[in-house]
Every structure is written in structure tokens, then in C-alpha cells.
Amino acid sequence: MLGLLRIHSMSWFFISVLCIFLFCSCSNSSSTDSLDVFTRDVALKTLVQHRPHTGAVYKAILPANLSGVEVFVVGLRSRRLWNRGAEKLSCFHIPSRTKPMPHVKRLALVYQDLGNLSSQFYHHPGYSFLTSVVGLLVYDATDTSSTNARRVGLNTMGKPILIQFPNLTLEERLISKAKCALFAANGTVYLSDMRSPGVCNTNDEGHFSIVVPVKKKPEILRYSWVVAIVLGVLVAILGCYLGMVCMRHRKRKKFQVMEGQVEDDSVLENRWVCGSKMPSGGVVRTQPVPENGFRHLASPDHFS
């Protein structure tokens, strides 16, 4: 019974771990969406406060809990983006002949640098960040007073958007291993080769970084916790079974001792009759004793 209870509790443990994993996956996706929405609102408010000139870059002020994160915004007309592109937005260089999809008159280009909080919002199993995660988000800025500015895409007519990560020094052994990582909105991560050391390219907006594969742990170490849990369950079941066997053995032995004591204390002897064990008293003949205390010895002549 105890073994069944342990198995039941372990089943609930695995179900709980699975639920936690799914919850963490969903919460990670929702946290990135919330960050994008928050930076969008802050960036558009910054444009309204500064009464921006077309092409001027402004830095948004973020709360203390996002210290280390930088957000910049620039307002552009779609016609200027088509004629000149955008080459002053930090590490992003958008080529000319680029148009928004769908078409809008004015754009707000929002640049994010997540800094030391990159790993809290984005990750890719088996890889580590060599740079912080940077993002380029494009919104419809035709009506900056709107509280729900829609997100638009970019059509570069086949030309790449260059992403140059500053202050990145790659060792020789890492140049061939480093990859450009694109974190799509649906959670998918796309890896590609660098255009040149520290330079990546893309054809659309999104979040980007340079990653390098980490040294894989041996398979036995990766799944050691699974093996430990399985062994723990087996040991618990075996322990419960052995405990039940010991208890039965002790009860049987105790019953045998009690039965032996009853047989030893019994006055009547036991005899087997027709395959059955039955009590039997011993035959004792009582000799006659005269009243004067002497035995009367009868002679044969007495009865003649």
C-alpha cells in the first residue's frame, strides 16, 4: 500500500514538472511581447514630447527595473525611407528603396538594446550570447496620439539590412563557430552565418544577437536527474516489498512460538487419529487401599 502511494506521488511530481515547464514557456513568450508593447508606448510618447524633426534620433527614458536596457526612436516619412534609407539608427543600417508593408505615411523606428537583461527575455538551448540582444521594431506613426499603434513590416526589395555589433572582439577559434541568431515573433530561432566578423544581415525587423555553441555535457550527465528519480522510485518500491515480507515473516514466527507454548503447557497428550490431531489422557489405574492402611493380598484359595 505504501509503495502505491509513493508511485502516485511521483506521478503527480512529473505532472507538476511538465506544467511548470509549459507555464515557463508561455510566460517567457508573454514577457517579450509585454516588453515590446511597453517600449513602443514609451518611444511614441518620447516622439510626442520632443515634437520631433524627421530623421532625429531620441532616447527614451525607462524605469529603474529596466536599467541596462536602452531604447531609441526615430520618426521618418515613408518617402524619405524610400529615397535615403536609415543609417543612423545605432547598429542597424536600412538601405534605400525600402518601403513599409502595408504602406503608411509616417513611421516610428524603435531600436532596443536589452543589455544584461538579454538572457531573461531570449534564449536558445545549446548556445550562449556573445552580444546583447538588439531589436528593430517598426510602427505606424501617422497618429502618434494613438494608444495602439500597429506594427508594420519592411520590404527592402531584396537588399539586406545590416546589423553591426560594436565593440565585439572574436577570438580565432570562435569566428567559425559564431552564428547570427534571429528571434522570430512566434518563438522560433533562426541561425545563419555572419556576413563578416561582428556583422549580420536580415531582410526584415525583429530581434538579433550573435551566439556561440556551448560545450555539451555528456549524455549520462544530462539525464542523470532522470536516472536518479527512476532509481529512487525503484528503491522505494523494493523497500516497501521487503518491509511487507519481513512483517509477514515476523507474524508467522510469532504465531509458531505461541502455538509451541500452548502445546507445552497442555496437560493432555495429543494423538493422531485417522489423520486428525486429538487430545488424549494417559491411562492411570488406581490401586485399592483398605481402611486399616494395609493392602489385602488375596490368595487363590480365597476365591475357591
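As the structure is a prediction and not an experimental result, all values here were calculated from the model. These numbers come from the heavy atoms of this one structure, side chains and all, not from hydrogens, waters or symmetry mates.
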When rounded to the nearest 0.5 angstrom, what distance separates [atom1] in [X] from [atom2] in [Y]?
X	Y	atom1	atom2	answer
Phe208	Cys180	CZ	SG	9.5 Å
Arg106	Arg77	CZ	CZ	5.0 Å
Met101	Ser78	CE	OG	12.0 Å
Leu44	Tyr139	CG	OH	8.0 Å
Thr39	Leu137	OG1	CG	6.0 Å
Arg97	Lys159	CZ	NZ	7.0 Å

Grab the two heavy atoms, one from [X] and one from [Y], that are nearest each other, plus how far apart they are.
X	Y	value
Phe129	Ser119	CE1-CA, 4.0 Å
Arg150	His103	NH2-O, 4.2 Å
Val74	Ala56	CG2-O, 3.3 Å
Ala149	Asp140	CB-O, 3.6 Å
Asn116	Ser67	OD1-O, 3.9 Å
Lys105	Thr142	N-OG1, 3.8 Å

Please say yes or no: joined through hydrophobic side-chain contacts below 4.5 Å, possibly via intermediate residues, are [X] and [Y] part of one cluster?
X	Y	answer
Phe92	Tyr190	yes
Leu162	Ile210	no
Trp82	Leu136	no
Leu168	Leu174	yes
Val199	Val133	no

Would Ser209 and Thr131 satisfy side-chain hydrogen bond (donor to acceptor under 3.5 Å, both in side chains), going step by step from the backbone distance to the final call? CA-CA 6 Å; Ser209 181; Thr131 65; 3.1 Å; yes
Can you say whether the rings of Phe183 and Tyr122 are parallel (under 30°), tilted (30 to 60°) or perpendicular (over 60°)?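 Tilted, since the angle between the ring planes falls between 30° and 60°.
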For residues [X] and [Y], determine if any side-chain heavy atom of one lies less than 4.5 Å from a side-chain heavy atom of the other.
X	Y	value
Pro63	Phe38	yes
Ile94	Leu154	yes
Val134	Phe165	yes
Leu107	Val152	yes
Pro95	Met157	no
His207	Asp36	yes
Leu66	Leu35	yes
Ser128	Val212	yes

Glu205 side chain vs Val138 backbone, donor-acceptor pair below 3.5 Å: yes
May I ask you to check whether over 12 heavy atoms, not counting those of Arg151, lie within 6.0 Å of atom CZ?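 Counting neighbours around CZ of Arg151, more than 12 heavy atoms of other residues, nucleotides or ligands fall under 6.0 Å, so yes.
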As a quick check of understanding, evaluate side-chain contact (heavy atoms from CB on, under 4.5 Å) for Arg40 and Asn148, giving each step before the final call. CA-CA 9 Å; Arg40 177 201 65 186; Asn148 190 23; 3.4 Å; yes
After noting the C-alpha distance and the side-chain angles of Leu62 and Val42, does the key distance pass the side-chain contact (heavy atoms from CB on, under 4.5 Å) rule? CA-CA 8 Å; Leu62 301 178; Val42 173; 4.1 Å; yes
State, without any angle test, whether Ser132 and Ser118 hold a side-chain donor-acceptor pair at a distance under 3.5 Å. no
Does the side-chain contact (heavy atoms from CB on, under 4.5 Å) test come out yes or no for Glu70 and Gln112, once each step is laid out? CA-CA 6 Å; Glu70 292 183 337; Gln112 300 174 344; over 6 Å; no
Would Asn201 and Ile161 count as a side-chain contact (heavy atoms from CB on, under 4.5 Å) if you check the C-alpha gap in whole Å, the side-chain angles of each, and the deciding distance to 0.1 Å? CA-CA 5 Å; Asn201 63 315; Ile161 299 175; over 6 Å; no
